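Because the structure is a prediction, the values reported are computed rather than measured. Atoms within each ligand, like the ligands themselves, are counted from 1 in listed order.
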Amino acid sequence: MNTEKDGQKEELRVIVADPLLPEGFDILREASGITVEDHTQDNPDELTRALVGAAGLIVRSRTKVDADLMQAGSSLQVIGRAGVGVDNIDIDEATRRGIVVMNAPAANTYSTVELAFALLLGSARRVPEADASMRAGQWKRKELRGTQLAGKTMGVVGVGRVGGEMADRAQAFGMQVLAHDPYVTEERRNELALDMKPLEELLRVANIVTLHVPLTDENRGLIGRNEIASMPAGAILINAARGGLVDEEALAEALVSGHLAAAGIDVFEMEPLPDDSPLREAPNLVMTPHIGASTFEAQHEVSRQIAVFIRDALLLNDYQTALNRNP
Ligand code: MLT
């Protein structure tokens with residue numbers, strides 16, 4: 001909402017703290033009553049200063065939006081996350097301060113599910129290892145035996161947008177799909193028509209387990225040592241959702257022991273992944289540096305969507321995509 005000073009409407013300042021494509025900046029620049037500022041190169045002190053008097057803040061996952069940052073931005077009306085995961089934003093604190101938090105929930109779906117499937121195919125068929133051996137002048141045709149997906153059972157943990165699309169693709173590959181999601185609505189359950197199971201049962205029978213849940217205080221360490229041990233020998237674990245869901249030390253051990261045939265991981269408890277992480281040495285593991293949403297299409301869409309949502313929230317009081325409904 002615009003405020004007035006000396007009878008003049010004051011421009012609403014929107015601070016962009018993490019990278020956003022030019023189309024996002026353009027949408028905000030063209031909105032009358034909004035001034036958009038690029039603070040993507042700021043250090044934390046500069047960002048804190050920039051937030052004084054700002055009405056909007058746009059971040060991706062790099063900027064941690066905690067109570068201190070919100071205190072600096074005490075005029076903030078809306079915080080936009082250019083992406084899906086909001087674990088870097090203290091939503092409870094925002095709600096207490098009356099700040100609306102919004103994300104771009106649907107913009108990344110296809111890109112993320114395609115990366116999860118790439119990790120699955122790459123790890124099941126040992127594609128990166130095969131490629132590396134070819135580049136090293138080898139011909140390891142006998143050694144590079146993988147796992148066929150058709151006829152296997154995939155366990156999808158979390159059947160939101162990405163999990164639902166993952167289940168569809170698994171079926172197209174001839175896999176049977178089981179799913180687990182304690183928060184699924186009756187409507188979504190009927191729409192997906194999947195065989196829903198308790199997590200323990202899914203882990204006991206699925207040959208492939210793929211995670212598609214946000215990271216919360218309740219599910220941190222969801223797949224720990226015991227859960228991995230309960231999976232069938234030769235199973236494959238895929239995580240393109242959030243770091244912190246999987247115990248990385250236990251995963252590395254299960255790959256070394258051969259209990260898990262393979263894993264594909266895009267997200268890590270600490271990002272960038274520390275040099276001494278046991279995952280760096282683990283066999284049959286395909287790792288990517290949190291690139292689920294790193295496609296031209298997804299980046300265009302998150303930048304465009306979040307700019308539109310922030311513009312409409314500030315100028316039209318349209319909070320349709322708010323995550324905290326009653327701030
Ligand atoms: C998301 O939550 O949108 C994706 O993980 C990508 C990102 O963190 O930007």
Side-chain angles (χ1 to χ4, degrees), residues 15-25 38-41 47 56-66 69 78-91 94 101-120 156-166 181 183 210-217 219-220 222-223 237-246 248 263-273 279 286-310 321-324:
I15 306 298
V16 179
D18 292 337
L20 190 74
L21 290 190
E23 41 270 53
F25 280 97
D38 183 346
H39 288 269
T40 53
Q41 305 302 322
L47 180 62
L57 168 66
I58 295 181
V59 297
R60 292 191 53 183
S61 56
R62 185 182 63 187
T63 300
K64 304 287 166 244
V65 189
D66 56 14
L69 205 71
V78 59
I79 297 169
R81 160 69 162 101
V84 181
V86 284
D87 37 298
N88 56 319
I89 302 174
D90 185 341
I91 297 190
V101 179
M102 300 171 128
N103 64 353
N108 288 344
T109 306
Y110 294 122
S111 294
T112 305
V113 75
E114 286 171 11
L115 184 80
F117 232 89
L119 291 174
L120 173 55
V156 179
V157 179
V159 291
R161 290 181 180 84
V162 179
E165 293 292 334
M166 195 73 186
D181 192 332
Y183 303 108
T210 183
L211 307 181
H212 300 289
V213 289
L215 179 68
T216 63
D217 288 341
N219 69 14
R220 190 175 289 279
L222 182 71
I223 307 296
L237 178 66
I238 304 297
N239 184 12
R242 270 296 174 270
L245 293 171
V246 176
E248 294 176 355
I265 307 288
D266 181 50
V267 286
F268 302 88
E269 193 166 355
M270 270 183 72
E271 295 183 2
L273 184 68
L279 293 180
V286 179
M287 290 190 285
T288 46
H290 199 150
I291 56 168
S294 299
T295 62
F296 296 109
E297 294 81 359
Q299 285 314 303
H300 164 79
E301 211 36 35
V302 288
S303 299
R304 196 192 63 76
Q305 281 188 12
I306 204 64
V308 168
F309 295 161
I310 293 283
T321 56
L323 293 166
N324 48 352

In terms of atom number and element, which parts of ligand 1 are under 4.0 angstrom from non-hydrogen atoms of [X]?
X: Gly83; result: 3 (O)
X: His290; result: 4 (C), 5 (O), 6 (C), 7 (C), 8 (O)
X: Ser61; result: 8 (O)
X: Gly85; result: 1 (C), 2 (O), 3 (O)
X: Arg242; result: 1 (C), 2 (O), 5 (O), 8 (O)

To the nearest 0.5 Å, tell me how far Thr109 OG1 sits from Glu301 CD.
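Going from the OG1 atom of Thr109 to the CD atom of Glu301 covers 10.0 Å.
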To the nearest 0.5 angstrom, please state how far the CD1 atom of Ile310 sits from the CD atom of Gln305.
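Answer for the CD1-CD pair, Ile310 versus Gln305, is 12.5 Å.
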Before signing off on this row, confirm whether Ala293 and ligand 1 have an N or O atom pair separated by under 3.5 Å.
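So ligand 1 has no N or O lying under 3.5 Å from an N or O of Ala293.
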Flag Ala241 as yes when one of its N or O atoms lies below 3.5 Å from any N or O atom of ligand 1, and as no otherwise.
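N/O-N/O distance under 3.5 Å: no.
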Counting heavy atoms only, which part of Val84 comes closer than 4.0 Å to ligand 1: side chain, backbone, both or neither?
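Both of them.
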Classify the side-chain pair Gln299/Arg304 by whether it contains a donor and acceptor separated by less than 3.5 Å.
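On atom types as modelled, these side chains do not qualify, holding no pair under 3.5 Å.
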Going by atom types only, do Thr63 and Asp18 share a side-chain donor-acceptor pair under 3.5 Å?
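Looking only at side-chain atoms, Asp18 and Thr63 do form a donor-acceptor pair, the distance falling under 3.5 Å.
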Heavy-atom closest contact (Ser111 atom, Ala293 atom, distance):
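Looking at all heavy atoms of both residues, the closest pair is CB-CA, 4.5 Å.
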Do me a favour and list the nearest non-hydrogen protein atom to atom 7 (C) of ligand 1 with residue, atom name and distance?
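The answer is Arg81 NH2, 3.3 Å.
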Are Ile238 and Leu211 close enough that some pair of their side-chain heavy atoms sits under 4.5 Å apart?
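No, every pair of side-chain atoms sits at 4.5 Å or beyond.
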Report the C-alpha separation of His290 and Thr288 in whole Å, then their side-chain angles, then the decisive distance to 0.1 Å, and conclude whether the side chain to side chain donor-acceptor pair (under 3.5 Å) test is met.
CA-CA 6 Å; His290 199 150; Thr288 46; over 6 Å; no
